[in-house]
Protein chains: 2
Amino acid sequence: MTSEETLEQFNLRKTKIRIAVLDSLSQSAVAQSYSTMQNALHEFDRITLYRTLLTLTEYGLIHKAYEENGESFYARCFGCTGQLHNHEHLHLKCSSCGGVECVEISDQLKSSLAQLPFQEINISAKGACKACASA
Amino acid sequence: MTSEETLEQFNLRKTKIRIAVLDSLSQSAVAQSYSTMQNALHEFDRITLYRTLLTLTEYGLIHKAYEENGESFYARCFGCTGQLHNHEHLHLKCSSCGGVECVEISDQLKSSLAQLPFQEINISAKGACKACASA
DNA sequence: TAGTTTTTGCAACATTGTTGCATTTGTTGC
DNA sequence: GCAACAAATGCAACAATGTTGCAAAAACTA
Ligand SMILES: [Mn+2]
Ligand SMILES: [Mn+2]
Ligand SMILES: [Zn+2]
Ligand SMILES: [Zn+2]
């Protein structure tokens, strides 16, 4: 599904920056930092980017995968809603390249997490990302 | 063990702000935000607080329990080192009062986490904290 | 207590978060 | 396509935090 179709489906106006952000995150294998996106989308105002990220997060189209020292990383969501955000994966911050990626987790871990009486459970970890581990 | 004794044990100089920070976090049942600590310790410079938190974190005496929208919460560590930080608990951000607390996790979840090939695994969740849930 | 090392306080700057408001853009009905 | 309306954008403005350099002060050691 294209980014335009996705926005339509969620009754969101199809604006340039929303399409650009969704396109960018959909094509990216890793999460993107706010500053990276700001550089890539420098034709847009940073406040507009800020509000775009808020809106897309609110509607469950993207999620903040990681935040450390004021640096936030965003990734495309698949099957999330604004209400329920229990990602069935963890967020790995690579100690080598600094990148952030979403990593699948075991069924055992999933079921352990499912028993917790909380919402928006988020696991983050540090280690070598796929690219750096295989290099 | 007093904060002074702890600092001594780690070969850290016993400065006023380090003692104050350790005292404050040791007595607190919940994690404290940077701004809360800054207000409480307003007799110290904020950069000094910033560096104090860095140092105490580096030595494994405290840990950043939660960070969101640039707001960081710190809590006392028990049995951590600067190297190994796999907390066997999760960090709950209360949707009601906004506080952050460290919450024990099940043995099953612990063992699931132990199988992950990563370091510094951190689980955060949102929900009602102990105080707000019982109110 | 004197000398050495570390820490602090302050200046300085960058980045990000956040809101208000006028202008522009997207959508809908004609 | 065009007008009208609602929503989003761009810009100003400000607060908060992150980060480094450096001189003065404090902590430690002999
Ligand atoms: Mn993710
Ligand atoms: Mn904790
Ligand atoms: Zn990597
Ligand atoms: Zn609470």
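Every chain is numbered from 1, with letters handed out A, B, ... down the list of sequences.
Spacing between atom CG of B/D45 and atom C1' of D/dT17 amounts to 13 Å, rounded to whole angstrom units. For the pair A/K64 NZ and C/dG17 P, the computed distance is 6 Å after rounding to whole Å. The nearest whole Å value for the distance from the CD atom in B/E8 to the P atom in D/dT29 is 9 Å. The nearest whole Å value for the distance from the CG atom in A/L54 to the P atom in C/dG17 is 9 Å. Across the protein-nucleic acid pair, B/F10 atom CZ and C/dT6 atom C1' stand 19 Å apart, rounded to whole Å. At whole-Å resolution of the value, CZ in B/R46 and P in D/dA15 are 14 Å apart. In this structure, B/L7 places its CG atom 11 Å from P of C/dT7, rounding to the nearest Å. Protein atom CG of A/L41 is 15 Å distant from nucleotide atom C1' of D/dG10, rounded to whole Å.
Using N1 to N3 plus N6-O4 or O6-N4 for Watson-Crick, or N1-O2 and O6-N3 for G-U wobble, each under 3.5 Å, C/dC30 pairs with D/dG1.
Among the protein residues, A/T55 comes within range of no part of the nucleic acid, since none of its heavy atoms lies under 4.0 Å from any strand. When heavy atoms are screened at a 4.0 angstrom cut-off, B/R18 is found touching the sugar-phosphate backbone but no base atom.
Criterion: ILVMFWY side-chain heavy atoms under 4.5 Å apart, direct or through other members. Under it, B/L56 and B/F10 are part of a common hydrophobic cluster. Neither B/F73 nor B/L25 shares a network with the other; the hydrophobic side chains, linked directly or stepwise wherever heavy atoms of I, L, V, M, F, W or Y lie under 4.5 Å apart, form separate groups for each.
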- Task: Summarise how protein sits on nucleotides 19-30 of chain C as a single string, 5' to 3': B when a protein heavy atom is under 4.0 Å from the base, S for sugar-phosphate-only contact, - for no contact.
- Result: BB-----BS---
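Nearer to the 5' terminus of DNA chain C, by closest-nucleotide assignment, is the contact made by B/L49 (compared with the other of B/N69 and B/L49). The nearest heavy atom of DNA chain D to A/I17 and to A/G70 marks one nucleotide each, and the one closer to the 5' end goes with A/I17.
Among all heavy-atom pairs drawn from B/H42 and B/N39, the shortest one is ND1-O, 2.8 Å.
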- Task: For side-chain hydrogen bond (donor to acceptor under 3.5 Å, both in side chains), just list the numbers for A/S3 and A/D23, CA-CA rounded to whole Å, side-chain angles, deciding distance to a tenth of an Å, and then say yes or no.
- Result: CA-CA 6 Å; A/S3 299; A/D23 279 352; 2.5 Å; yes
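A/H89 and A/H63 have tilted rings, their planes meeting at an angle from 30° to 60° on a 0 to 90° scale.
A salt bridge is absent between B/E8 and B/R13: the closest approach of a Lys/Arg side-chain nitrogen to an acidic carboxylate oxygen does not fall below 4.0 angstrom. Using a cut-off of 4.0 Å between Lys/Arg side-chain N and Asp/Glu carboxylate O, A/E101 and A/K130 are scored as not salt-bridged.
Proximity note for B/T48 (side chain, C-beta onward) versus D/dG18, C/dT8, C/dG17: the nearest is C/dT8.
When the side-chain nitrogen and oxygen atoms of B/Q38 are compared with OP1 and OP2 of D/dA16, none of them lie within a distance under 4.0 Å.
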